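Structure, as structure tokens:
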2 protein chains.
Amino acid sequence: MPFTRIEIATFSLIEGGLHVLLAKRSEAPHAGEWALPGGVLRVDLDRSLEDAAMRVMRERLGVAVPFLRQLGAEGGPTRDPRAPWTLSIVYRALLPGSSVSPSAGKRITTLAWRNVTDAIEDPLAFDHARLIERALRQTREDVERLDLPFEWLPGTFTLGELQATCEALLGARLDKSSFRRRLADRGCVEPVPGAMRGGAFRPAQLYRCRPAV
Amino acid sequence: MPFTRIEIATFSLIEGGLHVLLAKRSEAPHAGEWALPGGVLRVDLDRSLEDAAMRVMRERLGVAVPFLRQLGAEGGPTRDPRAPWTLSIVYRALLPGSSVSPSAGKRITTLAWRNVTDAIEDPLAFDHARLIERALRQTREDVERLDLPFEWLPGTFTLGELQATCEALLGARLDKSSFRRRLADRGCVEPVPGAMRGGAFRPAQLYRCRPAV
DNA sequence: TCAAAAGTGTTGCTTGTACACCCATGT
DNA sequence: ACATGGGTGTACAAGCAACACTTTTGA
């Protein structure tokens, strides 16, 4: 049976830039290189793959995340020199950057948010560069079909904030009017009556995510 | 490490109806029930998950299929009573119905094409009903975005045949003109110069699949 | 009064559907 | 001639992008 692992691609928005959470490896193989945080599937602890992903998330990053999305599985004999055959189930998480307290654990020196474009340039451990690219593509497709990253926003938010968040993820500008029309048509968001956010300028209506039908 | 398997959801078009290839189990657990054909991942034989899926396909169905699509992984302790924890990687294949010679093997009495709607009604072994539904949804989404089931057609085909194939898969009628316009716009198909198919009525231009850019 | 962000309306393009119509062929 | 399926054209609606415009606030 294969050496079976869970790898987690966690994205966040930090100071307007899209970041991935990576761990710097302290031991061979690939010592000194960055890798996706992950862990071994524990058949004695995990009741499902999603369970396993949440446990790894908790152990490695100290955060409990209710919704993780499975992106797929990758397997082969040469992926990880520690085992003759390694299978990885890859999950994606979206987190507000503030919520992770990088704590060093075994086999890991540093846990850090790294800018996505930078991260992909560097040599990454194992085949994790490919995994990250796949996760990123998937996530952008989600946003394009208005499966929105509400995990990155507080319970209530302005449409401007939501738009800025999507733009950062896509790496492209969106048209304000079109964006709002699409939101209205699909009804993925609803105004909170009476609630306004007053900033430096004209106050904005606050919205909340409306659960899908 | 988990007991790791590959399950394969194979669809085909038989006499105008959408069918799944299922195996009737001869042994416990779930003796007498239908299940997706599958097999155990062999780390000594398989160079990748896709490799494994192709091997299982060859062994169980006697067919070599170059392109299988991974649909995802499912895992848990109660999925299969034979092992304390079972992980299944699910693949999808599309085959012309004629290409499978149902040959009985160990643990299997019958391999048969079953009408999809019927198959889902029956009690299916393990959690395979859910796996089939997921595979079907995925495949229909593919066709809707014109990722077409060319595996079900000969090298050259008429647009009428292609449309009928898609309609059977979707379980819905399509508009001829719209369908052709979409095909032309995306350029997923090209006419074979001079080649025509003469049937009982007006001969039709033959087309071939054009590889994606 | 001006900058900045909120919010709305107008136009036009693109995509897809519905439907009508001609074309070629065997019976 | 006509039924049958192949093949094409037009009209209409939906969805979306581009862009211009008005509104409300603090400085």
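Below, read A as the first sequence line, B as the second, and so on, with proteins coming before strands; counting in each chain starts at 1. The shown structure was predicted, so the numbers you read here are calculated from the model rather than taken from an experiment.
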Handout entry: Per-nucleotide protein contact string for nucleotides 5-14 of chain C, where B marks a base within reach and S marks sugar-phosphate only (heavy atoms under 4.0 Å, - for neither)
Key = SBBBB-----
Problem - Short N-O contact, B:Glu141 and B:Arg137, less than 4.0 angstrom - result: no
Exercise for the section: Tell me, please, the opening and closing nucleotides of DNA chain D, 5' to 3', among those with an atom under 4.0 angstrom from a non-hydrogen atom of chain B. Expected result: D:dT4 to D:dG9
Practice task
Answer with base, sugar-phosphate or nothing: what part of the nucleic acid does B:Arg173 contact at a heavy-atom distance below 4.0 Å?
Solution key: nothing
Exercise for the section: Under 4.0 Å between any heavy atoms, over every strand shown, what does B:Arg186 touch: base, sugar-phosphate, or nothing? Just pick one. Expected result: sugar-phosphate
Handout entry: Qualifying salt bridge (charged side-chain N to carboxylate O under 4.0 Å, His left out) pairs with a residue from residues 144-158 of chain B, counting only residues at least two apart or across chains
Key = B:Asp142-B:Arg145
Practice task
Output every pair passing salt bridge (charged side-chain N to carboxylate O under 4.0 Å, His left out) with a member in residues 162-174 of chain B, not counting sequence neighbours, ordered by first then second residue.
Solution key: B:Glu167-B:Arg173
Output a table of donor-acceptor pairs, distance under 3.5 Å, between side-chain atoms of residues 197-206 of chain B and any protein atom two or more places apart or on a different chain; print 'none' if there are none.
from	atom 1	to	atom 2	distance (Å)
B:Arg197	NH1	B:Glu161	OE1	3.1
B:Arg197	NH1	B:Glu161	OE2	2.4
B:Gln205	NE2	B:Val192	O	2.7
B:Gln205	NE2	B:Ala195	O	3.2

Suppose we screen for salt bridge (charged side-chain N to carboxylate O under 4.0 Å, His left out). Which residues come up paired with [X], at least two apart in sequence or across chains?
X: B:Asp51; answer: none
X: B:Glu74; answer: B:Arg130, B:Arg134
X: B:Arg58; answer: none

Completion exercise
Taken in chain and number order and not counting sequence neighbours, the residues that satisfy side-chain contact (heavy atoms from CB on, under 4.5 Å) with B:Ser177 are B:Asp175
Completion exercise
So, with a heavy-atom separation below 4.0 Å from DNA chain D, the residues of residues 138-146 of chain A are none
Exercise for the section: Rounded to the nearest angstrom, tell me the gap between atom CD in B:Gln163 and atom C1' in C:dT17. Expected result: 13 Å
Exercise for the section: Write out all pairs satisfying side-chain hydrogen bond (donor to acceptor under 3.5 Å, both in side chains) with one or both partners inside residues 179-196 of chain B, taking only residues at least two apart or from two chains. Expected result: B:Glu190-B:Arg208
In residues 116-126 of chain A, what donor-acceptor pairs under 3.5 Å come from side-chain atoms, sequence neighbours left out?
from	atom 1	to	atom 2	distance (Å)
A:Thr117	OG1	A:Asn115	OD1	2.6
A:Asp122	OD2	A:Arg114	NH1	3.1

